[in-house]
Amino acid sequence: MVDTPPEHMSLWIATAPGPTFPRLLGDLTVDVAILGGGIAGLTTATLLKQAGKTVAVIEADQVVRGVTGYTTAKVTAQHNLIYADLIDTFGEDAARIYAHSNQAALERIAQFVAEDGIDCDFERKPNYCYSESATDLTMLEEEVTAAQNLGLPASLVTATGLPFPVAGALRVDHQAQFHPRKYLLQLAARIPGAGSFIFEHTRALDVEESNPHRVITDQGVLQAQDVVVATHYPILDRGLFFARVFPRREYVICVRANEGTDPHGMYISIGEPTRSVRTAPSPDGLLLVIGGEKHRPGEDPDTNARYRQLEHFARERFGCDQVVYRWSTQDTYAVDRVPYIGRLRPGADHLYVATGFGAWGMTNGTLAGMIIADAILGVVNPWAELYYPSRLNLRASAAKLLKEGANVARHFIGDRLAGGETFPDAIPPGEGAIVNHHGEKVAVYKDEQGKLHGVSPVCTHLGCLVGWNTAEKSWDCPCHGSRFDVTGQVIHGPAVANLAQQNLADRSGMAAYRDGTEDDRA
């Protein structure tokens, strides 16, 4: 058996504890309010402060402890097999903009690292998209041709640094990997001062559009001429993003590399199940960061099995069996594969959004900061039109719109018609389930001492029913990806309100259930 760590811990968070920032106390006015302390928000704030703007970044938890703190942190313009598809659906000029903007974002990161002397394990590495099946060679050849025509340093190879044979791989040179938290905490440290701020444990609840805008938080009101919503999944539904972006969870393990198992590059498989591999240095030797096992949140009844599959891959392919960290992450995907960056909707000249990075947030998040900073500063950005949030490319998005819309409808209606999954006394300690008691559904968690904790299963975003996540001990919404802890507290948006508490002891028959004494299970 693989030696698995006792708790879920991101390598990046565990090895860079970092500073803390205060809460917002009362009301404040700045030039630009930025909602979200990940790579998009902090990059935007850094560029704007450098240009002389006063900024305030507000983060519901702590900066770089959200999605950016749980990434695999590959910094590359090659986002799996994407360019042949973009040429087909958007045209070659648009695909070239996507390639050049993401490569420019990589170089923007490299420039920050060099200029500011940031020690973040930044390393240039080739990026490989590989397949073990000869039937995929045609797709790889088409992608190589597309990438080369767009100006990327791409080639088709059959030899890689992996310790197992591949049928072929797309190699893109001069890409990079780094420690995202070490990098971003250095950017964050330069933001406070001279009228600029970072506020943690301050949740944005709404934005009142006015002149200036008013950001309503649980700690006070933040006024700003410009507001940037960089909360990963937008907390505002005014741009109908709930219909145009969809969430996926993914899992990562970090194992100690054996001698001779350094693959000398970053890798992602093009088949299913996807496998992502990169390295990371540590004081005790080289680590392999292995990811994969993608699924929609709230739909898998045994998320622990996802880690077991990755552990099997590490043992079988690399001979590595010591897991030192493991974590899960969640990404938002645009229905046409291109992020939404820019004005939230037509007419919202001073309200911006960045979302739909599709698991490639290190470059997409950075270029989001570059595009939005330019827009606020009145600079014409040559990439902005491609990423405009109000675009609608039916050729690229129609099939995905229909599929994701049908999935949301299935959960919204079907989950309400389904019966309760189990009875409270049958829930094992440390687990949760949806219970249907006297016609009303309750999300019930049983702690290790046997005490029941009940919350409403209705997601406070748009009303879908949550599902239990066994690995992370959370309630996850399958429709738009909101997540809540066992007490109903929001841990991941777009929801901003907690799940309603249910006092189980006051429910008819529920107290007897808690003690395991009721015989009527109707």
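Note that the coordinates shown come from a computational prediction; the quantities given were computed from them, not determined experimentally.
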Side-chain donor-acceptor contact under 3.5 Å, Tyr333 with Lys294: yes
Results of side chain to side chain donor-acceptor pair (under 3.5 Å) for Thr303 - residues two or more places apart only: Asn469, Thr470
By side chain to side chain donor-acceptor pair (under 3.5 Å) - contacts of His453 (at least two apart): Asp447
Residues which pass ring-ring contact (aromatic ring centres under 6.0 Å, His included) with Trp383, listed by chain and number, not counting sequence neighbours: none
Arg65 and Glu200 ion-paired at < 4.0 Å: no
Partners meeting salt bridge (Lys or Arg N to Asp or Glu O under 4.0 Å) with Arg96 (sequence neighbours left out): Glu92, Asp93
Residues forming a ring-ring contact (aromatic ring centres under 6.0 Å, His included) with Phe199, sequence neighbours excluded: Phe197
ring-ring contact (aromatic ring centres under 6.0 Å, His included) partners of His213, counting only residues at least two apart: none
Single hit among Thr46, Thr366, Leu184 for side chain to side chain contact (heavy atoms under 4.5 Å, CB included) with Phe112: Thr46
Any side-chain donor near an acceptor of the partner, Arg249 and Ser328, under 3.5 Å: yes
Donor-acceptor side-chain pairing of Tyr251 and His295 below 3.5 angstrom: yes
Ser133 versus Thr135, side-chain donor and acceptor atoms under 3.5 Å: yes
Side-chain donor-acceptor pair present, Ser456, Lys441, cut-off under 3.5 Å: no
